[in-house]
Number of protein chains: 2
Amino acid sequence: MARTVAERPDAVLALAHTFRRHGYMGASLSVISAETGLGKGSLYNFFPGGKEEMAQAVLAEVGAWFRTRVYEPLLAPGDPTERIAEMFDRTAGYFESRELVCLFGAFALGQERERFASAIREYFLEWIAALELALTRTGHGPERSHQLAVDTVAGIQGALVISRALGEPEALRASLARLRARITPASGGHDSSQLG
Amino acid sequence: MARTVAERPDAVLALAHTFRRHGYMGASLSVISAETGLGKGSLYNFFPGGKEEMAQAVLAEVGAWFRTRVYEPLLAPGDPTERIAEMFDRTAGYFESRELVCLFGAFALGQERERFASAIREYFLEWIAALELALTRTGHGPERSHQLAVDTVAGIQGALVISRALGEPEALRASLARLRARITPASGGHDSSQLG
DNA sequence: CTTCAGTTGTACTGATAAGTACAGCATAGA
DNA sequence: TCTATGCTGTACTTATCAGTACAACTGAAG
């Protein structure tokens, strides 16, 4: 029903791409219009709140993606170590196919932080909470699980920073592999005393 | 000599503050002028290349600060474990007193990345190289030292992202403490098999 | 006290920003 | 086929953008 010419969900996907490429401030309405193929009329029809509502819609869409594709599978029944491995695979795949940009991370470091504070905060809290729960199921104690979850999510964000800073997209997957080995030592069969 | 009214180095320090608060794109010339107390005349007198030259000057100043205060001390004679501890202390102090913003990290995630690519790349490569060398002196093998250096610098950047995202400035120091404990296990007397 | 290089504020330019208004168009349901 | 709803492009407003031009001013050296 109501498929006239374009629909809001399609617009959100196109907007996500544009915000990733240009950031919030760099994505002017003319850039958005050109890259999404939507005129100003369509954009303000879908998003009466203007650019801010467009970005909020994108953040909501990305948040939902992670919730259903990463956080919930993390808590699914089965071997928690495998669930965690899955998390890393999906995370790597997501960012590799999206220009190595995490909009929440980029917004957190930029001026968008205040404007989108609650969405940003919720995204990371959800991720940390889900990973923390999975870690307790691997045998880690509650406090240690929390620390490992925070450090791992931070490590992923840091890996994105370094990959982009060095211009080495392949560095992301290597970093994620080491983060994974750290928190699921049973599967790898090594410990931190390994030198060299 | 030539102390008339203001000097370029003072301007660079003020500019650093403004770029940290507003980012590169958010720091319009009117904002810069208001926050630095310098008129457009002064700004374009000191930085004929405009805003880009202002930012390059700030990045150079920050890069020099880290080189003399962090990278070089890291390679100074003495217990490398203590040198590494010093690196974490100075790093924490730096970002805590500067709104939890690493301009290089923020620029790496934003649209400034291409414009300032070489400065960004050099900053992180220097840091990684210096830490890597210090780690080999603590007994880590060459490959392991490199990985640990990359992961630690990434971890610091990720800790900044998370601290800002959650609005918890104190989380930075806690994260840095754990990063430090990871790469200097001898001083802490524990290993990664510690659970709970 | 004069001189002059260096510093400063003001006024301007053309371009572009976000957002509004609205007439016209496409299409689904009747 | 008719019509109502929602989609779309164009033209517009007001504000701000980066950058330029330049006259006035400052203070150190002579």
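Numbered from 1 within each chain, the chains take letters A, B, ... in sequence-line order.
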Engineer: Given atom CD of Glu7(A) and atom C1' of dT5(D), what is their separation to the nearest angstrom?
Structural biologist: 14 Å
Engineer: Grab the CG-P distance between Leu38(B) and dG9(C) for me, whole Å please.
Structural biologist: 8 Å
Engineer: Sugar-phosphate atoms are those with a prime plus P, OP1 and OP2; base atoms are the rest. Using that split, label each nucleotide of nucleotides 14-20 of chain D B, S or - for protein heavy atoms under 4.0 Å, 5' to 3'.
Structural biologist: ---SBBB
Engineer: Does the plane of the ring in Trp65(B) sit parallel, tilted or perpendicular to the ring in Tyr94(B)? Use 30° and 60° as the thresholds.
Structural biologist: tilted
Engineer: Does the side chain of Asn45(A) get closer than 4.0 angstrom to OP1 or OP2 of dG6(D) through an N or O atom?
Structural biologist: no
Engineer: Provide the full list of salt bridge (Lys or Arg N to Asp or Glu O under 4.0 Å) pairs with a residue in residues 40-66 of chain A, sequence neighbours left out, each pair given once.
Structural biologist: Arg8(A)-Glu53(A), Glu52(A)-Arg115(A)
Engineer: Suppose the criterion is salt bridge (Lys or Arg N to Asp or Glu O under 4.0 Å): which pairs have a residue in residues 12-39 of chain A, not counting sequence neighbours?
Structural biologist: Arg21(A)-Glu35(A)
Engineer: Could you state the CE-P distance from Met54(A) to dA17(C), rounded to the nearest angstrom?
Structural biologist: 13 Å
Engineer: Which pairs pass salt bridge (Lys or Arg N to Asp or Glu O under 4.0 Å) with one or both residues in residues 118-138 of chain B, sequence neighbours excluded?
Structural biologist: Arg67(B)-Glu126(B)
Engineer: Whole-Å distance between dT20(C) P and Phe46(A) CZ?
Structural biologist: 17 Å
Engineer: Tell me, please, which residues at least two apart from Tyr123(B) pass ring-ring contact (aromatic ring centres under 6.0 Å, His included).
Structural biologist: Phe66(B), Phe104(B), Trp127(B)
Engineer: Just distance, no hydrogens or angles: give the donor-acceptor pairs under 3.5 Å from side chains in residues 149-161 of chain A, sequence neighbours left out.
Structural biologist:
unit_1    : atom_1 : unit_2    : atom_2 : d
Asp151(A) : OD1    : Arg178(B) : NE     : 3.2
Asp151(A) : OD1    : Arg178(B) : NH2    : 2.8
Asp151(A) : OD2    : Arg178(B) : NE     : 2.8
Thr152(A) : OG1    : Leu148(A) : O      : 2.6

Engineer: Please report, rounded to the nearest Å, how far the P atom of dT10(C) is from the CG atom of Leu43(B).
Structural biologist: 14 Å
